[in-house]
Colleague: 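Sharing a structure below in structure tokens format, with a few things to ask.
Computation of the quantities below employed the complete heavy-atom set of this structure, encompassing side-chain atoms and omitting hydrogens, waters and symmetry-equivalent molecules. Whatever order the structure lists them in is the order used to number ligands and atoms, beginning at 1.
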Amino acid sequence: MTIPTETLPRGGAMPRLGFGTYKIAPSEAKEAVLAALEAGYRHIDTAQMYGNEAEVGAAIAESGVPRSEIFLTTKLNNPNHEPADVRASFAASLEALGTDYVDLFLIHWPLPTLYGGNVALPWPAMCELYEAGQAREIGLSNFLAEHIDAILEVGGVAPAVNQIEAHPYFRNDELRAASRERGLITQAWSPLGRGAVLEEPVIGDIAHDRNATPAQVVLAWHIQRGDTVFPKSVTPERITENLGIFDVQLKSEDIAAIDQLDRGPQGRQGSDPATMDRL
Ligand code: NAD
């Protein structure tokens, strides 16, 4: 199976469908990532915060899939934004993952209420990791437009992506557009709205008409919008099901009907980046 890729600013190829690992307990993570790699996923999204980097690394090692064929993302944990903490935190992630580089390293949250509002504090150290080749690409997660601007003002390596919450209940179109205008590719997190949106009758009707499942319809909606996604599941059947989205062709009326589910910020399933300060 071939998963389409997105070309990153410095030429790297990022599969547009990956496997998410948030809230996969360490006891289940190795099996789940092994199942994903076996099914054909070649893009894994983890984070130091998820507490499962070691199991993700173990699965990659055990899978027999060459490291060079896997696009691996991890994220700087809160609140490690001081330069020395960025370096130490990243080194700990590499150690846990059992690799000497990641394909993408993101600042997990901007933490605008900490560090005197200096959301760009970690960026020069992130750029050093890029220059050293240990992070083949660097980027942002949960950055609002003004936070991205603060990074661009610091300069250095331009951030490749902004990984933000987006799904039919919270399309987040303004921030997607703001990210695109600033040259960042959108990765949509919680693409299935953590499962809730799959119960919507309109999604069920479209799934019936297009001979697909509700999850495939929602993931195809993201792909047709141009975003990259990494749904999470620990169930092998669903892991395989979520791969089968590239032959689902939604019609413009399907897209419009799904767009109608948007509840704006009320539809958020996760934290608001403007106030998120959890350490
Ligand atoms: P998701 O939208 O991927 O939903 C996951 C839930 O959907 C699962 O628990 C499962 O119950 C259900 N599901 C999955 N496949 C299904 C199927 N085929 N049929 C029916 N139900 C199905 O939620 P998520 O895990 O929050 O987001 C995906 C990934 O995004 C995460 O694992 C993580 O890698 C990333 N993420 C990043 C951030 C961030 O701050 N950067 C925040 C949240 C998530």
Side-chain angles (χ1 to χ4, degrees), residues 14-26 28-29 32-33 35-36 39 41 43-53 55-56 71-78 97 102-111 139-144 147 159 161-172 175 179 184-200 203-204 207 212-223 227-245 248 261 267-278:
M14 173 177 71
R16 295 192 57 207
L17 174 72
F19 184 68
T21 63
Y22 178 50
K23 288 207 170 144
I24 303 188
E28 290 184 302
V33 174
Y41 290 80
H43 172 172
I44 311 288
D45 183 86
T46 185
Q48 194 169 61
M49 190 191 284
Y50 304 166
N52 56 23
E53 287 176 313
E55 291 72 21
V56 169
F71 187 94
L72 178 62
T73 299
T74 196
K75 314 185 190 89
L76 179 67
N77 208 356
N78 304 337
L97 288 162
V102 293
D103 297 277
L104 180 62
F105 189 48
L106 305 178
I107 305 178
H108 205 149
W109 289 90
L111 306 178
L140 311 172
S141 177
N142 299 303
F143 273 56
L144 301 176
H147 305 148
V161 311
N162 196 15
Q163 182 179 125
I164 57 175
E165 179 172 354
H167 45 75
Y169 283 152
F170 180 44
R171 284 175 14 209
N172 213 350
L175 183 52
S179 300
L184 283 74
I185 293 161
T186 296
Q187 296 183 326
W189 64 249
S190 292
L192 302 173
R194 303 207 165 138
V197 72
L198 304 179
E199 306 303 322
E200 287 287 340
I203 302 282
T213 68
Q216 289 172 336
V217 165
V218 172
L219 295 171
W221 173 82
H222 284 283
I223 295 294
D227 294 349
T228 290
V229 287
F230 21 80
K232 169 240 162 183
S233 174
V234 292
T235 314
E237 294 73 27
R238 286 177 171 179
I239 290 173
T240 302
E241 175 188 327
N242 294 344
L243 270 181
I245 58 171
V248 177
L261 294 171
R268 278 188 197 282
Q269 306 291 307
S271 301
D272 182 346
T275 52
M276 162 63 166
D277 62 358
R278 276 199 304 278

Colleague: Run through all N or O atoms in ligand 1 and write down each protein N or O closer than 3.5 Å, as a pair with its distance.
Modeller:
from, atom 1, to, atom 2, distance (Å)
ligand 1, 2 (O), Ser190, O, 3.4
ligand 1, 2 (O), Pro191, N, 3.3
ligand 1, 2 (O), Leu192, N, 2.8
ligand 1, 2 (O), Gly193, N, 3.4
ligand 1, 2 (O), Arg194, N, 3.1
ligand 1, 3 (O), Lys232, N, 3.1
ligand 1, 9 (O), Lys232, NZ, 3.3
ligand 1, 15 (N), Asn242, ND2, 3.0
ligand 1, 18 (N), Glu241, OE2, 3.1
ligand 1, 18 (N), Asn242, OD1, 2.9
ligand 1, 26 (O), Ser190, OG, 2.7
ligand 1, 26 (O), Arg194, NE, 2.8
ligand 1, 27 (O), Ser190, N, 3.1
ligand 1, 32 (O), Thr21, N, 3.1
ligand 1, 32 (O), Tyr22, N, 2.8
ligand 1, 34 (O), Thr21, N, 3.3
ligand 1, 34 (O), Asp45, OD2, 2.6
ligand 1, 36 (N), Tyr50, OH, 3.4
ligand 1, 40 (O), His108, NE2, 3.3
ligand 1, 40 (O), Asn142, ND2, 2.9
ligand 1, 40 (O), Trp189, NE1, 3.4
ligand 1, 41 (N), Ser141, OG, 2.8
ligand 1, 41 (N), Gln163, OE1, 2.9

Colleague: Please list, chain by chain and in numerical order, all residues satisfying side chain to side chain donor-acceptor pair (under 3.5 Å) with Arg171, sequence neighbours excluded.
Modeller: Asp173
Colleague: With a 3.5 Å distance limit and no angle check, can you tell me whether Ser179 reaches the backbone of Leu184 through a side-chain donor-acceptor pair?
Modeller: no
Colleague: Taking only residues two or more places apart in sequence or in another chain, which ones pass side-chain contact (heavy atoms from CB on, under 4.5 Å) with Ala274?
Modeller: Leu144, Asp272
Colleague: Salt bridge or not for Lys232 and Asp45, using N-O below 4.0 Å?
Modeller: no
Colleague: Compile the donor-acceptor pairs under 3.5 Å between side chains in residues 235-244 and protein atoms, sequence neighbours left out, one pair per line.
Modeller:
from, atom 1, to, atom 2, distance (Å)
Thr240, OG1, Pro236, O, 3.2
Glu241, OE2, Thr213, OG1, 2.6
Asn242, ND2, Arg238, O, 3.4

Colleague: Within the distance-only criterion (no hydrogens, no angle test), does the side chain of Asn172 pair as donor or acceptor with the backbone N or O of Ile164 below 3.5 angstrom?
Modeller: no
